[in-house]
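Some notes on the structure that comes next.
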Number of protein chains: 2
Amino acid sequence: MPETYRAEIRQLDLFADMEDSNFETLMRGTYVQTFPPRIDLITEGDPSDFLHIVLSGSVDLFACWNGRETSMATVRPVSTFILAATIREAPNLMSARTLEKSRIALLPSEDVRAVFDTDGAFARAIVRELAQCYRTVVKNTKDLKLRTSLERLANYLIRHSARTASSEFELNMEKRRLAAFLGMTPENLSRAFKGLEPYGVKVSGSNISISDPDDLARFAKPDLLIDDYST
Amino acid sequence: MPETYRAEIRQLDLFADMEDSNFETLMRGTYVQTFPPRIDLITEGDPSDFLHIVLSGSVDLFACWNGRETSMATVRPVSTFILAATIREAPNLMSARTLEKSRIALLPSEDVRAVFDTDGAFARAIVRELAQCYRTVVKNTKDLKLRTSLERLANYLIRHSARTASSEFELNMEKRRLAAFLGMTPENLSRAFKGLEPYGVKVSGSNISISDPDDLARFAKPDLLIDDYST
DNA sequence: ACAGGTACTTGACAAATATCAATCGAAATC
DNA sequence: GATTTCGATTGATATTTGTCAAGTACCTGT
């Protein structure tokens with residue numbers, strides 16, 4: 001594996017503090033592959049053979065049941081997915097596909113578990129990562145159960161606006177995926193955008209501008225315990 | 001702290017493998033308290049001062065936003081809650097209240113973090129616990145996003161029936177809480193029970209009987225990747 | 001430039017779900 | 001035993017959300 005990838009992975013919180021020898025053990029079985037867009041990486045129910053790390057590009061985590069499909073999360077560089085399944089040696093709960101051309105590192109789950117069993121620093125790093133993931137999903141559940149779709153969209157836009165530190169920005173995913181992520185149909189998302197017009201939200205293609213952020217916030221009522229993805 | 005509690009806690013997966021001396025450190029600051037029903041233990045947003053362990057009774061984890069409230073989970077003996085917030089030294093995302101008279105052990109979060117930093121076995125146990133919690137919340141999200149309320153209720157009943165290994169059982173919580181947990185209103189839950197009558201679900205107070213489990217399952221389409229809480 | 005596909009939008013309609021008000025019924029209190 | 005209280009139910013209605021069937025706009029590849 002090229003040295004540049006190795007250095008990139010080593011710098012991740014997850015691997016930064018572990019023993020050199022253990023890191024080497026992990027890297028020995030690791031390979032990095034570039035995938036085209038829209039490639040299925042994982043199907044839910046499959047055994048978790050590899051811990052995946054997104055080095056570049058982006059990956060959609062989604063789930064299906066009874067012919068329906070929903071988007072659960074987007075993984076962007078540099079972070080991992082399928083960590084919980086790897087640790088528990090359990091089937092993946094979500095499927096994954098590339099959204100664009102993406103470079104993915106694949107670490108054999110067996111190796112991850114083996115190193116995890118002996119390297120305390122690695123175990124602690126995994127704890128922090130999992131605790132973060134857990135809290136993100138809990139926030140998501142609160143968003144889904146406590147808010148209407150219009151409120152979810154309004155808060156999503158406010159979060160996005162905060163991330164880009166700008167009241168005008170581009171949606172970084174297709175509206176159909178955004179709709180699935182927010183738990184609604186594409187048709188409903190269209191109408192929800194219309195429904196936010198009175199609060200100063202202007203939509204033109206994937207370009208969003210918020211003319212009066214305070215007005216939108218009065219409607220959306222963003223809450224640190226739902227919308228702050230930093231803790 | 002009485003020796004019986006100590007032994008009870010020591011046997012938990014979370015504490016079973018750690019160093020004796022570290023366990024002693026943890027227990028030094030721990031106290032056990034009995035709470036009456038309907039007592040608030042934690043309010044969301046509060047700092048996570050204590051890791052809580054339910055020794056007996058049961059605890060409702062719930063969340064609020066904008067005057068609305070929903071139930072997120074029920075914690076039953078013997079397990080912990082507020083683990084992720086403790087580890088990340090972050091505010092609690094959920095509130096907690098006793099459902100009945102309950103014995104709760106309280107471990108100072110600082111001590112938990114200190115021992116976590118030095119005891120690899122403890123860190124590994126936390127990983128397994130958190131990975132489990134994470135997967136549970138993911139399953140919950142899939143349930144919410146991919147199923148209608150009628151389907152959620154049907155699958156809940158099937159899971160409950162499987163847990164008690166019987167086609168007749170008692171609901172172990174108020175219907176209003178069940179409604180909140182399933183993401184619907186109490187009125188809707190009443191109607192949902194009626195809606196399941198054609199599939200052989202009979203309700204009398206909190207007593208549920210399923211006359212034709214296969215018929216109900218054909219409607220509910222239970223799925224290991226949503227409904228199996230063991231992995 | 002054009003054709004074809006795909007995402008997005010819109011309108012009409014249907015289904016699901018929430019809300020409000022009233023009532024019922026069982027458990028708790030006096 | 002009567003009363004009170006509170007959760008559960010029911011009916012009527014409103015709102016939200018989804019579905020279906022167009023039509024439009026945009027991108028892509030030839």
Side-chain angles (χ1 to χ4, degrees), chain A residues 36-38 60 62 65-71 97 99-101 143-157 170-198 201-208 219-220, chain B residues 36-38 60 62 65-71 97 99-101 143-157 170-198 201-208 219-220:
Chain A
R38 313 237 151 230
D60 182 29
F62 63 102
W65 178 80
N66 196 26
R68 300 166 208 164
E69 176 179 325
T70 192
S71 176
R97 73 165 73 96
L99 288 166
E100 52 194 310
K101 189 177 167 194
D143 194 42
L144 277 170
K145 291 181 81 172
L146 292 168
R147 289 171 170 164
T148 66
S149 60
L150 199 61
E151 290 165 342
R152 290 199 294 278
L153 175 60
N155 280 293
Y156 176 87
L157 295 179
E170 300 285 321
L171 293 176
N172 54 8
M173 61 174 114
E174 287 178 332
K175 286 182 182 168
R176 58 189 352 249
R177 274 199 66 235
L178 177 58
F181 177 72
L182 294 176
M184 58 178 116
T185 57
E187 292 96 326
N188 235 320
L189 179 62
S190 268
R191 291 171 189 128
F193 272 122
K194 285 240 173 325
L196 290 180
E197 259 176 29
V201 175
K202 298 210 183 350
V203 184
S204 166
S206 67
N207 181 281
I208 309 287
F219 167 73
Chain B
R38 313 235 151 232
D60 182 29
F62 63 101
W65 178 79
N66 195 27
R68 299 166 211 165
E69 177 179 324
T70 192
S71 177
R97 73 165 74 95
L99 289 166
E100 52 193 309
K101 189 178 168 194
D143 194 42
L144 277 170
K145 290 180 82 172
L146 292 168
R147 289 171 170 164
T148 66
S149 60
L150 200 60
E151 291 165 342
R152 290 199 295 278
L153 175 60
N155 280 292
Y156 176 87
L157 296 178
E170 300 286 321
L171 293 176
N172 54 9
M173 61 175 115
E174 287 178 335
K175 286 181 182 168
R176 58 189 354 247
R177 274 199 67 236
L178 177 57
F181 177 71
L182 294 176
M184 57 178 116
T185 58
E187 293 96 326
N188 234 321
L189 179 62
S190 269
R191 291 171 188 126
F193 272 122
K194 285 238 173 327
L196 291 180
E197 258 175 28
V201 175
K202 298 210 184 351
V203 183
S204 165
S206 67
N207 181 280
I208 309 287
F219 167 74

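Quantities reported herein were computed from a predicted structural model and do not represent experimental measurements. Numbers restart at 1 for each chain; the letters A, B, ... are given by sequence-line order, proteins then strands.
The minimum heavy-atom distance between B:Thr70 and A:Lys145, with the atom names listed, is OG1-CE, 3.0 Å. The shortest heavy-atom contact between A:Arg147 and B:Arg68 is CA-NH1, 3.7 Å. Taking both residues in full, the closest heavy atoms of B:Phe219 and B:Leu196 are given as CE2-CD2, 3.7 Å, listed atom of the first, atom of the second, then distance. Counting all heavy atoms, side chain and backbone alike, A:Arg152 lies closest to A:Leu144 at NH1-O, 3.6 Å.
Taking 4.0 Å as the cutoff to heavy atoms of chain A, we find the contact window on DNA chain C bounded by C:dA7 to C:dA12.
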With a 3.5 Å cut-off and sequence neighbours excluded, list the donor-acceptor pairs that the side chains of residues 180-195 of chain B form with protein atoms.
unit_1	atom_1	unit_2	atom_2	d
B:Thr185	OG1	B:Asn188	N	3.2

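Regarding A:Arg147, its CZ atom lies at a distance of 19 Å from the C1' atom of D:dT17, rounded to whole Å. Following rounding to the nearest Å, B:Met184 (CE) and D:dT15 (C1') show an atom-to-atom distance of 18 Å.
Counting only heavy atoms from C-beta outward, the side chains of A:Arg177 and A:Leu99 approach each other to under 4.5 Å. Using a 4.5 Å cut-off on side-chain heavy atoms (C-beta onward), B:Val203 and B:Lys175 make contact.
Remark: side-chain polar atoms of B:Ser204 are not paired, donor with acceptor, to backbone N or O of B:Asn207 under 3.5 angstrom.
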What's touching nucleotides 7-10 of chain D from the protein side, N or O pairs under 3.5 Å?
unit_1	atom_1	unit_2	atom_2	d
D:dA8	OP1	B:Lys175	N	2.7
D:dA8	OP2	B:Arg176	N	3.1
D:dT9	OP1	B:Lys175	NZ	2.8
D:dT9	OP2	B:Ser190	OG	2.7
D:dT9	O5'	B:Ser190	OG	3.1
D:dT10	OP1	B:Lys194	NZ	3.2
D:dT10	OP2	B:Lys194	NZ	2.8

